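Okay, so here's the structure we're looking at.
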Amino acid sequence: MTGERGLMLVISGPSGCGKSSICRRLLEDERVVFSISATTRPMRTGETDGVDYFFVDKQRFREHIENGDFIEWAEVHGNLYGTLRGPMEEALAAGKTVLVEIDVQGGSQLKDLELPGLYVFIAPPNMDTLRARLVGRGTDAPEVIERRLKKAGEEMDKQDRYDHVVVNDDFEAALRTVRRLAGLEKEPSA
Ligand code: 5GP
């Protein structure tokens, strides 16, 4: 441990762009930790409270807002999501790379706050691929998919706000690029 402050690594992109898969692989590196957001969205099968999200009701979420616990928060697809300040600060102080997987609106909000970090936009190769991925993962109803696709178009317009845009046509190549950008390409020396 060098005592150096860590890096906030913000990964954004439309639903279905592959950002979750990229984040999962990045998290295999012990230098990387996940910033666990709070959300009012119902838990999905396979998710764990305190691991994927802190699942809270609307009232608890509002308390967090009033207490100033969030760095940013937003309503996404009808649910509330927020990035908690406390865990983020702790991890950065411990020198970790703190991975913030966030929608484009949230990523833009963080950028507006001028919080130091690396802002990476993961782009799908094209909209047809995006549609196929959303349908293929089987987690969303058709109307939710249509909503996500419409939003994806708007989100693509904001990619210029990010420090880097990584097109996810070849998953391993995209992952390597993100690792390189975040300075994680070399394994830590023992
Ligand atoms: P999901 O419900 O599929 O897990 O996430 C829906 C969207 O909310 C995703 O685009 C996700 O990145 C975003 N999201 C997750 N956590 C946060 C957060 O703390 N703040 C904001 N603004 N968006 C978030």
Side-chain angles (χ1 to χ4, degrees), residues 8-27 32-58 60-65 67-92 98-115 117-124 130-131 133-159 161-162 165-166 168 178:
M8 182 173 77
L9 173 59
V10 180
I11 305 257
S12 280
S15 293
C17 69
K19 64 180 184 294
S20 299
S21 305
I22 287 179
C23 289
R24 244 192 321 276
R25 288 285 295 279
L26 289 171
L27 285 163
V32 182
V33 295
F34 182 58
S35 165
I36 305 168
S37 297
T39 185
T40 60
R41 161 168 83 58
M43 205 186 301
R44 291 183 189 138
T45 312
E47 289 183 328
T48 309
D49 187 27
V51 175
D52 299 284
Y53 285 104
F54 295 110
F55 292 95
V56 299
D57 59 21
K58 285 206 172 110
R60 182 82 190 101
F61 198 96
R62 271 195 288 271
E63 283 167 13
H64 277 310
I65 296 173
N67 296 338
D69 296 338
F70 290 126
I71 298 173
E72 63 75 44
W73 65 272
E75 186 172 338
V76 186
H77 307 308
N79 296 302
L80 300 170
Y81 296 82
T83 309
L84 290 160
R85 194 181 303 278
M88 165 75 73
E89 260 314 308
E90 245 169 65
L92 288 175
V98 187
L99 191 56
V100 181
E101 187 193 339
I102 201 166
D103 76 313
V104 177
Q105 178 192 0
S108 299
Q109 283 184 189
L110 286 176
K111 195 109 220 236
D112 288 343
L113 292 171
E114 295 182 4
L115 287 181
L118 185 72
Y119 292 76
V120 179
F121 186 98
I122 309 291
L130 191 64
R131 177 185 292 274
R133 282 183 190 160
L134 287 173
V135 172
R137 72 183 186 184
T139 51
D140 297 312
E143 64 271 20
V144 175
I145 290 178
E146 288 314 312
R147 207 159 63 203
R148 287 183 193 268
L149 278 171
K150 182 169 173 284
K151 186 154 178 239
E154 295 159 16
E155 290 174 333
M156 292 296 283
D157 294 340
K158 298 216 177 85
Q159 55 184 280
R161 301 212 54 210
Y162 285 73
V165 176
V166 176
N168 183 12
V178 176

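Whatever order the structure lists ligands and atoms in, that order sets their numbers, starting from 1. Keep in mind that this is a model prediction, so the values were computed, not measured.
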Quick check: are there more than 12 heavy atoms from other residues, nucleotides or ligands sitting under 6.0 Å from CZ of Arg85? yes
Do the charged groups of Lys150 and Glu146 touch, with an N to O distance under 4.0 Å? no
Taken to the nearest 0.5 Å, the spacing of His64 NE2 from Thr83 OG1 works out to 12.0 Å
Side chain to side chain contact (heavy atoms under 4.5 Å, CB included) test vs Ser35 passes for just one of Ile71, Val98, Ile102, namely Val98
of all protein heavy atoms, closest to atom 6 (C) of ligand 1 is Tyr81 OH, 3.4 Å
Under 4.0 Å from one or more heavy atoms of Glu101, ligand 1 contributes atoms 12 (O), 15 (C), 16 (N)
Donor-acceptor check, side chain of Thr40 to backbone of Asp57, threshold 3.5 angstrom: yes or no?
no
Between Glu155 and Lys151, is there a salt bridge with N-O shorter than 4.0 Å?
yes
Of all protein heavy atoms, the one nearest atom 19 (O) of ligand 1 is Ser37 OG, 2.7 Å
Any heavy atom of Arg44 under 4.0 Å from ligand 1? The part involved is side chain
So that I can tick it off, tell me whether Asp69 and Arg60 are bridged by a salt bridge, with the cut-off set at under 4.0 angstrom between side-chain N and carboxylate O.
no
Among non-hydrogen protein atoms, atom 7 (C) of ligand 1 lies closest to Val76 CG1, 3.6 Å
Numbered in order shown, the ligand 1 atoms found under 4.0 Å of a heavy atom of Tyr53 are 1 (P), 4 (O), 5 (O), 15 (C), 16 (N)
Quick note on ligand 1: atoms under 4.0 Å from a heavy atom of Ala74 include exactly 22 (N)
Contact region, Ile102 to ligand 1, non-hydrogen atoms below 4.0 Å, reads both
Atom 12 (O) of ligand 1: of Thr83, Asp103, Asp52, Thr139, the nearest heavy atom sits on Asp103
So is Ser15 close enough to ligand 1, meaning a heavy atom under 4.0 angstrom away?
no
Closest heavy-atom approach to atom 22 (N) of ligand 1 among Arg41, Gln105, Glu72 is made by Glu72
Near Lys19 (heavy-atom distance under 4.0 Å), the atoms of ligand 1 are 10 (O), 12 (O)
Value for CZ (Arg62) from CD1 (Ile65), rounded to nearest 0.5 Å, stands at 7.5 Å
